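The structure under discussion appears below in the form of structure tokens.
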4 protein chains.
Amino acid sequence: MSKTPVHTAGPVGKTSTERAGAAKRPRRKRAEQSAARRDAIVAAALAEFCERGYAATRLDDVAKRAGVAKGTIYLNFRDKEALFQEIVVTMMVPVIAPMDAPPPQEMPTRLIVEAFAHKFIREVYGTERRHVLRLIMTEGPRFPSLAEHYYRNVVERAVGRMRALLERGLARGEIADRTLIDHPQLVVAPMMMIIIWGALFERYAPLDIEGLVKAHLDILFGKARAS
Amino acid sequence: MSKTPVHTAGPVGKTSTERAGAAKRPRRKRAEQSAARRDAIVAAALAEFCERGYAATRLDDVAKRAGVAKGTIYLNFRDKEALFQEIVVTMMVPVIAPMDAPPPQEMPTRLIVEAFAHKFIREVYGTERRHVLRLIMTEGPRFPSLAEHYYRNVVERAVGRMRALLERGLARGEIADRTLIDHPQLVVAPMMMIIIWGALFERYAPLDIEGLVKAHLDILFGKARAS
Amino acid sequence: MSKTPVHTAGPVGKTSTERAGAAKRPRRKRAEQSAARRDAIVAAALAEFCERGYAATRLDDVAKRAGVAKGTIYLNFRDKEALFQEIVVTMMVPVIAPMDAPPPQEMPTRLIVEAFAHKFIREVYGTERRHVLRLIMTEGPRFPSLAEHYYRNVVERAVGRMRALLERGLARGEIADRTLIDHPQLVVAPMMMIIIWGALFERYAPLDIEGLVKAHLDILFGKARAS
Amino acid sequence: MSKTPVHTAGPVGKTSTERAGAAKRPRRKRAEQSAARRDAIVAAALAEFCERGYAATRLDDVAKRAGVAKGTIYLNFRDKEALFQEIVVTMMVPVIAPMDAPPPQEMPTRLIVEAFAHKFIREVYGTERRHVLRLIMTEGPRFPSLAEHYYRNVVERAVGRMRALLERGLARGEIADRTLIDHPQLVVAPMMMIIIWGALFERYAPLDIEGLVKAHLDILFGKARAS
DNA sequence: CATGAATGAGCATTCATTCAT
DNA sequence: AATGAATGAATGCTCATTCAT
């Protein structure tokens, strides 16, 4: 029922245990340094890809930002595309992983969805993953394998979970009918929207995210007494 | 009360009356041919931009696809960016224009929103404009002036209209509370989602658009007796 | 002893009798209009070539400046190079022509040279021919036929005349020795210099042309009592 | 009294110690190779610019001639214009530098001017700098900053030196009057002329440079007993 | 391993020249 | 004759990738 392995559509590359530290402590083992360098590249590449998109990102800039030589990138990633895919895939892993845990038995459906929404706001919208998610939407059409990977590992599973959750809610009388069960995408639609909206219009028209999410849940499940 | 002029952020270029026909009918006037060529360029560019995104599109390919020489593009558009913006702006004009018409007095709020949704499905999702809309979401962050143009002319106005409509619905007792009025973006969120979803996952997981829209409306306004 | 024909190194094109008049008088004969157009092209081309040099001049700009269509240039000149050569050659004809007249018997050598210098100042340095002369110096190396044409028709003849004149001056006791006769180029060296200097440094260091020429003659022939 | 710094109008770039050798000796250090390549580019660019002028020179040809890839040019120079300016500026530095040394006290004025003239003949006219000087005259009008740089660093200073020298000659009774002092440009006019003449007419009418210079000095200072 | 100089295919843009109207 | 839209070869510049050090 869990531990479903992540489908890897393409080469994912090696992972590293250590977060990139800019500080260059003198007496570090080779492996450590190497891992740090790799992480620095990933972080720099993420930033650049987010700012400019895939095609417009220059590996030169990535290297500069990471503080490594351009050649070093090629020691860790086959090419630009592999670097891109790696980033998109690994950044989403921590979000995917906990999804396999079954929902707590006691909690009302609405609260579970609410928790899910807040988790999304906190851990995706509120972090760099927000940009990664946008990259997937943005570059997906040109990287079908990436889109598929994401669909298989994230979307499909999330939709399945959501449906199961709603089914349970229906059984427990917390949900009136099958409308939402048949179209669980409607639950997440506003989340995709705030990612897009944020990227496009944040400057002139910032969204009240909290209010929006609460309103969404109120509409889906009926007005709540307390948030 | 209407006829708000379209804010033009940049140069929009000349329009042409005739749709591009690949066939080269012999007895055509200069101006006609020229317009046809221009249209062919626009069509070809749209296709290429959709397939590859802005940065990865080669004007060489656009020219080839349009059946014109590369230089001809520059007779009609200042540069690649102008071509891109022109496409994005002009393709959306026919969608924007009718938006200023006030909603029919008699029609119930739900029906108006429903009509709006179906119009979107028919005229945007069901046409090439679907790709244009995706391009706006996709490339917008790198073309702030474009995003702003779109926001001022489409989003802002649409949101305003929607809010006014809902306000009227509230006054007429068709809507229970202000939840949706405060967050009219929730009305359109699924529409943005289907655009993205369609581009990314259509192959593995096609959406039941009609059903989704109906479900969305049912959730917003309560189950309808008939669609 | 005179009327030596002008050696034409390359194609020179047709000449026209009428100066370009911008005004478009309605009832003019075809031939007249055509000639006016041709002259307008020549004038415009001269201005553009002077401002930008041969390679950087666009025929588009020439046409615009002349108020004709681009194609019209090709009705009058085989190509860009022919237009260029035509200009350089014809502009200098009026300067070359009178050179064949023998010097007045009575006039002292110094006065003849002085008259020549002032004529140069007046008719070359003081007119657009100044730029033509610069173009010859500037673009000559890349148009050997042009350089040769100019050498045969202007330089060679001018040097010969000058030498003959000086020879006469020696015979008449107006000149002390053969120094200048052996290097008549020294007579014209300052004239070449002021053309170049004017083009490069006029802004920061304008030359006192009159004073310079007088000083030059004073040095060549001894201080004059009156200018 | 000397060491006036060279006004640098634009970026001058790095210098390299080694002359470009086409031969690829195997055991050379990176920096050395790089410098050699840079020098090869400069040499090739100089040759091309001289043959064709600025606008008509193709960087492709420069690269081919230098035996490097096109991209390598851009590792050393921002763009075509920077390459051009760099060449013109650096080639003239060795000529400018010694100009600040005060003239030897003992030497007669004529001999100093003579030495200057011969130095010019030897180090400019007799070397590639001859072409550089022509490029300055040729392209100056289209590169005002270049013309100004050259004026400030070379012409202005040279004219000042010359005037001071002549002033001293006047004080010492070696010069009869102020004619030349007021127009020191007359001293260098023949040098500009021989550069131009050489570029245009050398084939049909080579100049006797030595004789010309001697004649010039004879005219300026009176016939010398011995050269 | 790490570096970064070198490479060269790739692309946007320009402009002399042609030719249908 | 005159026009100017169309052409496409030419060219400056970029940037992913390689490889000698």
Side-chain angles (χ1 to χ4, degrees), chain A residues 30-31 33-34 37-38 55-64 67-81 83, chain B residues 26-35 37-38 55-64 67-81 83, chain C residues 30-31 33-34 37-38 55-64 67-81 83, chain D residues 26-35 37-38 55-64 67-81 83:
Chain A
R30 279 281 197 87
Q33 283 220 18
S34 180
R37 250 185 273 262
R38 189 193 149 85
T57 289
R58 282 164 305 200
L59 293 191
D60 238 338
D61 290 343
V62 172
K64 208 166 294 166
V68 303
K70 217 175 346 163
T72 307
I73 295 175
Y74 286 85
L75 295 176
N76 290 279
F77 305 91
R78 187 162 22 74
D79 57 15
K80 188 184 179 184
E81 190 173 327
L83 172 60
Chain B
R27 280 269 133 213
R28 216 159 23 161
K29 272 169 288 168
R30 275 270 201 94
E32 256 177 282
Q33 282 222 23
S34 181
R37 249 183 270 260
R38 190 193 149 88
T57 288
R58 284 164 303 205
L59 292 192
D60 241 337
D61 290 344
V62 172
K64 211 165 293 167
V68 303
K70 210 166 3 152
T72 307
I73 297 175
Y74 288 86
L75 293 176
N76 291 280
F77 304 93
R78 192 165 14 74
D79 55 15
K80 189 184 179 183
E81 189 172 329
L83 172 60
Chain C
R30 278 283 196 85
Q33 283 218 19
S34 180
R37 249 185 273 263
R38 189 193 150 84
T57 288
R58 283 164 306 200
L59 291 192
D60 239 338
D61 291 343
V62 172
K64 207 167 293 164
V68 303
K70 218 177 343 165
T72 307
I73 296 175
Y74 286 84
L75 294 176
N76 290 278
F77 304 93
R78 187 163 22 75
D79 58 13
K80 189 184 179 184
E81 190 173 327
L83 172 59
Chain D
R27 281 268 133 215
R28 215 156 28 159
K29 271 169 287 169
R30 275 274 201 91
E32 255 177 282
Q33 282 222 21
S34 181
R37 249 184 269 261
R38 191 193 148 87
T57 288
R58 283 164 305 205
L59 291 192
D60 242 337
D61 290 344
V62 171
K64 210 164 295 167
V68 303
K70 204 158 22 141
T72 307
I73 296 175
Y74 289 86
L75 293 177
N76 291 280
F77 304 93
R78 191 166 15 74
D79 56 14
K80 188 184 178 183
E81 189 173 329
L83 172 60

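Chain letters run A, B, ... following the sequence lines, proteins first and then strands; every chain starts at 1. All of these numbers come straight from a predicted model, not from anything done at the bench.
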Can you tell which of [options] lies closest to the side chain of [X]?
X: S34(B); options: dA16(E), dA5(F), dA2(E); result: dA5(F)
X: Y74(C); options: dT7(E), dT18(F), dT17(E); result: dT17(E)
X: K80(B); options: dC13(F), dT7(F), dA12(E); result: dA12(E)
X: L75(D); options: dT17(F), dG12(F), dT7(E); result: dT7(E)

**Prompt:** Between V68(C) and T57(D), which has a closest nucleotide on DNA chain F that is more 5'?
**Reply:**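 Mapping each residue to its closest nucleotide by heavy atoms, the 5'-most match is V68(C).
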**Request:** Specify the residue among L59(D) and A69(B) whose closest nucleotide of DNA chain F lies further upstream toward the 5′ end.
**Result:**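 Closer to the 5' end of DNA chain F: A69(B).
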**Asked** Within less than 4.0 Å of OP1 or OP2 of dC13(F), is there a side-chain N or O belonging to R58(A)?
**Response**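 Checking dC13(F) against R58(A), no side-chain N or O comes under 4.0 Å of OP1 or OP2.
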**Request:** Could you check whether K70(D) gets within reach of a base, just the sugar-phosphate, or nothing at all, counting any heavy atom under 4.0 Å?
**Result:**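 Base contact - K70(D) has a heavy atom under 4.0 Å of at least one base atom.
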**Request:** Look at all strands and tell whether T72(C) reaches a base, only sugar-phosphate, or nothing, counting heavy atoms closer than 4.0 Å.
**Result:**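 It contacts base atoms.
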**Asked** Using a 3.5 Å cut-off on both pairing distances, which stems of three or more Watson-Crick or G-U pairs include DNA chain E?
**Response**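 DNA chain E forms these stems: E:2-21 with F:2-21.
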**Item:** Nearest-nucleotide comparison on DNA chain E, the residue closer to the 5′ end among G71(C) and G71(B)
**Value:**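 Whichever sits nearer the 5' end wins; that is G71(B).
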**Asked** Quick one: salt bridge (Lys or Arg N to Asp or Glu O under 4.0 Å) partners of D60(A), sequence neighbours excluded?
**Response**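 By the salt bridge (Lys or Arg N to Asp or Glu O under 4.0 Å) rule, D60(A) matches K70(A).
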